[in-house]
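Keep in mind it's a predicted model, so treat the numbers as computed, not measured.
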Amino acid sequence: MNSVDYLRISLIDRCNFRCQYCMPEGAELEHILRQQLLTDRELLTLIQEVFIPIGFTRFRLTGGEPLLRPGVVKLVQAIASFPQIQDLSMTTNGFLLAAMAQDLYNAGLRRINISFDSLNPKTFDLMTGNRGRSRWQQVWESIQVAHQVGFDPLKLNVVVIPGVNDREVLDLAALTLTRRWHVRFIEFMPIGNAQLFSNRGWTPSGELRQSIRSSWGLIKSQVYGAGPADVFQIPGAKGTVGFISQMSECFCDRCNRMRLSADGWLRPCLLNESNQIDLKTSLRLGASPAELREQVRQLLTLKPEINFQQKESGTSSRYTRTMSQIGG
Ligand SMILES: Nc1nc2c(ncn2[C@@H]2O[C@H](COP(=O)(O)OP(=O)(O)OP(=O)(O)O)[C@@H](O)[C@H]2O)c(=O)[nH]1
Ligand SMILES: C[S@@+](CC[C@H](N)C(=O)[O-])C[C@H]1O[C@@H](n2cnc3c(N)ncnc32)[C@H](O)[C@@H]1O
Ligand code: SF4
Ligand code: SF4
């Protein structure tokens, strides 16, 4: 059995973007009420007294948009101070990052993944929802600042939507030629919003790899990380290109992670909603750390059965939570 030592923590379910593939404008999402959010203290207790003792060493902060969480720098500092943690990272849309990057680095965060779907401001705004003003420039600046501050590896996440940004794959891959950036192409998962893009579907990573290989060649490579990307490099490039292929290939057999939602539900699989446990309610009802650890251990023994293994059938549209609510 794979060891499960990576926890993705959603700090907040709200977001300042409205990406069409995740939280489209007009989608009726019920936000978590403030009193239902795990407090900093509760989250730190769960990390320190439940997950670390069980063997979790890698933690990723996500959202919604994690930089919208009030006091996020202080929270990062507190999490980073646990000596058992070997890897603390964040996934962000980058909009607020330029102003916070140095503080986050000083707080102990060392690596960051930034969603960046397009080099073209118009396409970017179309994909992320611009609410009257373009966001591209500010995100582009954040990427430069994150690089200057020293986040390493610095990864850019691109969800590829056929007919929208797929024609940019070579331009995005070319960023890695001269910069030590790691661009990852993600197959769109129709989770929670199956109707969206239903006439366009997703592009198999194999096709993208072939197109990059035809232009420059492509060799197997590596970059530090805990996630499901298959990593390659254009010969001589400074950075790498990665492929996250949850639809065309299946990486569930090497699954090493669980997810904690902003309201304290522990979820064993991104694509299977069964067997989630409500750690926050147990904690608030007075369960001891030992009891909570036992609940999580039980879930770990069930996880191999829960892991999503139906790549042939794709995802189902019957999800009650969308990506923004789960944390991706
Ligand atoms: N199907 C599936 N997709 C995942 C899983 N983990 C991450 N992803 C997707 O991979 C994409 C990138 O995720 P990130 O948040 O950047 O994290 P990561 O790739 O695990 O991070 P690294 O540690 O840097 O490798 C997102 O679209 C996620 O939804 C997973 O367990 N299953
Ligand atoms: C849910 S977001 C949360 C963090 C942050 N707001 C961001 O966008 O980076 C985490 C990751 O999930 C990816 N994602 C969101 N919806 C997706 C979908 N339907 N299919 C594949 N990836 C998706 C995003 O591109 C992002 O890289
Ligand atoms: S992908 Fe991230 S930035 Fe886009 S809507 Fe979802 S949570 Fe927000
Ligand atoms: S779909 Fe589920 S089992 Fe597969 S890699 Fe993602 S979280 Fe793990």
[X] side chain to [Y] side chain, donor-acceptor N/O pair below 3.5 angstrom:
X    : Y    : value
E65  : T92  : yes
R267 : S261 : no
Q148 : Q144 : no

Contact check, side chains of [X] and [Y], non-hydrogen atoms, under 4.5 Å:
X    : Y    : value
D166 : E207 : no
I9   : L46  : no
T91  : R60  : yes

Practice task
In plain terms, say whether D40 and R69 are close enough for a salt bridge, that is, a side-chain N and a carboxylate O under 4.0 Å apart.
Solution key: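 Counted as a salt bridge, because a side-chain N and a carboxylate O are separated by less than 4.0 Å.
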
Problem - Ion pair check, D117 and R135, cut-off under 4.0 Å - result: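 No, this pair does not count.
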
Exercise for the section: With R8 as the cation and F59 as the aromatic partner, state whether NZ or CZ is under 6.0 Å from the six-membered ring centre and within 45° of the axis. Expected result: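 That pair does not qualify as a cation-pi contact.
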
Practice task
Report yes or no: is the cationic atom of R111 (NZ for Lys, CZ for Arg) under 6.0 Å from the centre of the six-membered ring of Y224, at an angle within 45° of the ring normal?
Solution key: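 Because its charged atom misses either the 6.0 Å distance or the 45° angle limit, R111 does not stack over Y224.
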
With a sphere of 6.0 Å drawn around [atom1] of [X], does it hold more than 12 non-hydrogen atoms of other residues, nucleotides or ligands?
X    : atom1 : result
R254 : CZ    : yes
R180 : CZ    : no
Q35  : CD    : yes

